[in-house]
Novice: 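Dumping the structure here so I can ask a few things about it.
Below, all heavy atoms of this structure are taken into account, side chains as well, without hydrogens, waters or symmetry copies.
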Amino acid sequence: MQETEDTPQLTARHRELLDQMLDKWSLQIMEALCDQPLRFNELRRAVPVVTQKSLTTALRRLERNGMVERVVIQTRPVAVEYRISPVGRTLQGLIDALLLWTADTLPEVELARARFDESQLA
């Protein structure tokens, strides 16, 4: 990537945010919430392999970073719904692009992995 004067420098603060946004569960959670607001158990069904603890941790981190809003719905019993925030919504195109890039590139990556693994056996 070519740097220009306008290109932001990758600092520790940038890396921290990217690490939190690109962790094991955040992209999947954001993708699910881009479609519609969901309650906790609906999110668990949308990301079926995530544990309750991991989902809670990821949601808190996304909420802290302003990507997700936690909305308390005054019903009996009280319910909580998670929604993508306006800032989080700005990531939808990037998430879609990453998923498309992954789908397009995965066959090439798998070939490179196979070549590498084969060379390590020799």
Novice: Only counting residues at least two apart or in another chain, list the ones meeting side-chain contact (heavy atoms from CB on, under 4.5 Å) with Val78.
Specialist: Val72, Gln74
Novice: Taking side chain as C-beta onward, heavy atoms only, is Phe40 less than 4.5 Å from Gln52?
Specialist: yes
Novice: Please give me the minimum heavy-atom distance between Glu69 and Pro86, naming the atom from each residue.
Specialist: OE2-CD, 3.5 Å
Novice: Could you tell me which non-hydrogen atom of Arg44 sits nearest to which non-hydrogen atom of Leu55, and how far apart they are?
Specialist: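 Minimum heavy-atom contact is CG-CD2, 3.2 Å.
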Novice: Where do Leu33 and Arg89 come nearest, in terms of heavy atoms and distance?
Specialist: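 That closest heavy-atom pairing would be O-NH2, 4.5 Å.
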Novice: Donor-acceptor pairs under 3.5 angstrom involving side-chain atoms of residues 96-111: please list them, not counting sequence neighbours.
Specialist:
from, atom 1, to, atom 2, distance (Å)
Trp101, NE1, Thr105, OG1, 3.3
Thr102, OG1, Leu98, O, 2.7
Thr105, OG1, Trp101, O, 2.7

Novice: Could you measure the distance from the SG atom of Cys34 to the CD1 atom of Ile29? Nearest 0.5 Å is fine.
Specialist: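 One gets 12.0 Å once the value is rounded to the nearest 0.5 Å.
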Novice: Say you draw a straight line from CG of Asp19 to NE2 of His14; how long is it, rounded to the nearest 0.5 Å?
Specialist: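 Rounded to the nearest 0.5 Å, the CG-NE2 separation comes out at 13.0 Å.
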Novice: With sequence neighbours left out, which residue pairs that include part of residues 72-81 fulfil the salt bridge (charged side-chain N to carboxylate O under 4.0 Å, His left out) condition?
Specialist: Glu81-Arg83
Novice: Side chains of Leu91 and Met67: does their closest heavy-atom pair fall under 4.5 Å?
Specialist: yes
Novice: Mind checking side-chain hydrogen bond (donor to acceptor under 3.5 Å, both in side chains) for Ser119 and listing every partner two or more places apart, or none if nothing turns up?
Specialist: none
Novice: Would you indicate whether the side-chain heavy atoms of Gln36 and Leu38 approach each other to under 4.5 Å?
Specialist: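 In contact.
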Novice: Treat each ILVMFWY residue as a node, draw an edge where side-chain heavy atoms are under 4.5 Å apart, and state whether Val71 and Tyr82 are in one component.
Specialist: no
Novice: Is any side-chain heavy atom of Leu59 less than 4.5 Å from a side-chain heavy atom of Trp25?
Specialist: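 No, side chains not in contact.
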Novice: Report the residues that fulfil side-chain contact (heavy atoms from CB on, under 4.5 Å) with Arg13, sequence neighbours left out, ordered by chain and then residue number.
Specialist: Thr11
Novice: Report the distance from atom CE of Met30 to atom CD1 of Ile95, rounding to the nearest 0.5 Å.
Specialist: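 Separation between the atoms: 4.5 Å.
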Novice: For residues Leu27 and Met21, determine if any side-chain heavy atom of one lies less than 4.5 Å from a side-chain heavy atom of the other.
Specialist: no
Novice: Taking the side chain as everything from C-beta on, heavy atoms only, tell me whether Glu63 gets closer than 4.5 Å to Ser85.
Specialist: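 Counting from C-beta outward, Glu63 and Ser85 never come under 4.5 Å.
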Novice: If you measure only the distance, is there a donor-acceptor pair under 3.5 Å linking the side chains of Thr51 and Ser54?
Specialist: yes
Novice: Quick one: are Leu10 and Arg15 in side-chain contact, heavy atoms under 4.5 Å?
Specialist: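 The answer is yes, as the side chains (C-beta and beyond) meet within the 4.5 Å cut-off.
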Novice: So which pairs with a foot in residues 48-61 pass salt bridge (charged side-chain N to carboxylate O under 4.0 Å, His left out), sequence neighbours left out?
Specialist: Asp23-Arg61
Novice: Distance check, rounded to the nearest 0.5 Å: Thr57 atom OG1 versus Lys24 atom NZ?
Specialist: 12.5 Å
Novice: Mind checking whether Gln20 and Leu62 have side chains closer than 4.5 Å, heavy atoms only?
Specialist: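 Of all side-chain heavy-atom pairs linking Leu62 with Gln20, none is under 4.5 Å.
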Novice: Which pair of non-hydrogen atoms, one from Ile73 and one from Arg39, has the smallest distance, and what is that distance?
Specialist: CD1-NH2, 4.5 Å
